[in-house]
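Worksheet: the structure to be examined is printed underneath.
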Amino acid sequence: MKFLVCISNVPDTTTKITFTPDNKEFNKAGVQFVINPWDEYALTRAIELKEAQGGGTVTVLNVGEADTEPNIRKALAIGADDAIRVNAHPKDAFFVAKQIAAVAKEGGYDAILMGKESIDYNGFQVHGMVGELLGIPTVAPAMKLDMSGNTATLEREIEGGKEIVEVNTPFVASCQQPMCEPRIPNMRGIMTARTKPLKVVEPTTDAARTEVETFALPPAKQGVKLIAAENAGELIKLLRNEAKVI
Amino acid sequence: MSVLVVVECDGGEVKKSSLEVASYASQVAQMLGSTATAVAVGEATEANLAKLGEQGISKVLYDSEPRLKDFVNGAYTKLIAVAASKEEAKVIVLANSNIGAAVGSRLSIRLEASLATNVVELPKTDGGKFVVKRGAFSGKAFADVELASDRKIIAVKKNSIEALHEAGKTAPVESFSAQLTDADFADAPKEVIMQDQAGGVLLPEADLVVSGGRGMKGPENWNLIEDLAKALGAATACSKPVSDVDWRPHHEHVGQTGITVSPNLYIACGISGAIQHLAGVNSSKVIVVINKDPEAPFFKAADYGIVGDVFDVLPKLTAAVKELN
Ligand SMILES: Cc1cc2nc3c(=O)[nH]c(=O)nc-3n(C[C@H](O)[C@H](O)[C@H](O)COP(=O)(O)OP(=O)(O)OC[C@H]3O[C@@H](n4cnc5c(N)ncnc54)[C@H](O)[C@@H]3O)c2cc1C
Ligand SMILES: Cc1cc2nc3c(=O)[nH]c(=O)nc-3n(C[C@H](O)[C@H](O)[C@H](O)COP(=O)(O)OP(=O)(O)OC[C@H]3O[C@@H](n4cnc5c(N)ncnc54)[C@H](O)[C@@H]3O)c2cc1C
């Protein structure tokens, strides 16, 4: 089977978020970028399924500028076979979805795996858009993915429970824990990743439908009001009478 | 040019988050000099749907097709697309739930609409623009985003909009058929497995949350968390390492790589307050931290705190709640 795994390039989860002085852009200075943590589930699961099937390919895809290549190489080191970078600044989810759909159509992939959401813009939408653009089902967010022939069985998380869903290839799934234990690159992987193919293609459209006007940080907390442990019950009174939340 | 809002129902009742989105939609309609129509999905009763008048809804569309009781992506998307064209909707509002996001993203392609998820405020419409504020960077920031297309789809984050309650107002409920066929149900789930809810409150919909971290020492001590949660009518949650080692189920894990909650009250017990944990909870209205280490970073993000041992403090809190009730 041919797997396409889409990865976004995001600030490390420990990043303190700041913006440029005009608040129009995320301030990248000094920030370490990583593979979107959810996408690591998609990547590892694709590799596991390929190994279980004893054949096939895992292609990683990123829509981004050249500075994302270290993380694309990392995905190759983890075990993907080849990579495609659509050479563009990812303007919004629609723009990204259009590029992914174009690559997917051309490559004839059986399974397009993504992460649950990109931890930078938290859209939770690229997978649904790609499914609709290609006219195939999307299962999001999936906690489990098994393949048998051309049929995938997935567990989809819903509020308060889960659904068991069966779809035929081709399909899109967005992945999250506890699907697998994300792998980390080993030395051999890092060595072979250098020579694996990384193809750079140009975007097929520049259409976008949203634009960020300004960013803002959440208002700072006023400071904590401490209650002595001996008088713990006092807290409950404050929550009722002062904060009025219970 | 109306506003269409998707209302999710469960066991006959309209979900709380859907009362919020209905209120959001009717306020947008008012800004645009229009009216808001609801389209209901899930298991609903006519009486409960009519009560959406209290949230300012003018009319409710309900397709009684029995297979719409459970979420089916293809069928829900078509149902809403048909309702949107019938109502000539320019703005479609949904809850930022797993259902809302799955349907909204497909609809945005089908209807050539701009989509914003995770929206936390009513739109700003000055100067002919349509701008919404949405959460970004996993709760660490907000972005004002312009929705440039003629049609707009907005998924509203839970507990960020106050539900309206104009007592006694009702909305007419119209039966409506989207003429769904078997093909629209091709991706229907084989099986739906709900969590055991015995006496508990579901975390994603909860107003109050009591959460435990590694400081709770082991699963055998979770009765302390559960007792307080029960007394308050709260849901229980946990930090990532706690679910990683299976002290608690994965669906209770909150944070940057778990679920994001925004309850009125979040009580963190024996949780240090790592940046990835805070990302999932920092839009809670009030945060209480109980930790024996006065230097724990969580205190900086808290409104109230107790420096103390959870094994001593939690029973006292539970007793105080019981006394108050
Ligand atoms: C410096 C910089 C600035 C940016 N500015 C903006 C901006 O202003 N507005 C904006 O909307 N976006 C911006 N992006 C793009 C953003 O990183 C996302 O790629 C895109 O917006 C989709 O985000 P989402 O949250 O909607 O994705 P989601 O729908 O949450 O993502 C779901 C899944 O889709 C896949 N995916 C998402 N993005 C990509 C990608 N680029 N390549 C391959 N797969 C992907 C991943 O598997 C991901 O897990 C910027 C990116 C960078 C690096
Ligand atoms: C990529 C990535 C993603 C992550 N995503 C998440 C996420 O989504 N959610 C998440 O929670 N974490 C996440 N983490 C992990 C995060 O960095 C922290 O390791 C984690 O949140 C710590 O959990 P904790 O607070 O329960 O445990 P600890 O950090 O071990 O803290 C335990 C706390 O309990 C206190 N304590 C101990 N005994 C007592 C007692 N008797 N009474 C009172 N207090 C006591 C201690 O003082 C301490 O502050 C992520 C990490 C990475 C790298």
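Numbers restart at 1 for each chain; the letters A, B, ... are given by sequence-line order, proteins then strands.
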* Under a 4.5 Å cut-off applied to non-hydrogen side-chain atoms, are B:Leu317 and A:Ile236 in contact? -> yes
* To do: For the residue pair B:Leu115 and A:Met129, establish whether any side-chain heavy-atom pair is separated by less than 4.5 Å.
  => yes
* Would B:Ser97 and A:Glu159 count as having a side-chain donor-acceptor pair, cut-off 3.5 Å? -> no
* Structure fact -> Most contact-rich option vs chain A, by heavy-atom pairs under 4.5 angstrom, among B:Asn118, B:Thr257, B:Val192, is B:Thr257
* Structure fact -> Ranking B:Pro204, B:Ala148, B:Ser138, B:Ala143 by heavy-atom pairs under 4.5 Å to chain A gives rank one to B:Ser138
* **Atom of B:Met194, atom of A:Gly160 and distance for their closest heavy-atom approach** => CE-O, 3.2 Å
* Shortest non-hydrogen contact from B:Phe71 toward A:Arg156 -> CE2-NH2, 3.1 Å
* For the candidates B:Ala234, B:Ala102, B:Ser108, which exhibits the highest count of non-hydrogen atom pairs separated by less than 4.5 Å from chain A? -> B:Ser108
Only distances under 3.5 Å count here; give the side-chain donor-acceptor pairs of residues 135-146 of chain A to other protein atoms, sequence neighbours excluded, each with its distance to 0.1 Å.
residue	atom	partner	partner atom	Å
A:Thr138	OG1	A:His127	O	3.0
A:Thr138	OG1	B:Arg106	NH1	3.2
A:Asp146	OD1	A:Arg45	NH2	3.0

* To do: Could you tell me whether a side-chain N or O of B:Arg134 sits under 3.5 Å from a main-chain N or O of A:Tyr121, the two making a donor and an acceptor?
  => yes
* Check whether any side-chain heavy atom of B:Phe137 lies under 4.5 Å from a side-chain heavy atom of A:Pro11, and answer yes or no. => yes
* To do: Among the options A:Lys225, A:Lys237, A:Lys98, pick out the one with the most heavy-atom pairs lying under 4.5 Å from chain B.
  => A:Lys225
* To do: Heavy atoms only, distances under 4.5 angstrom: which of A:Asn168, A:Leu226, A:Val212 has the most pairs with chain B? Name it, please.
  => A:Leu226
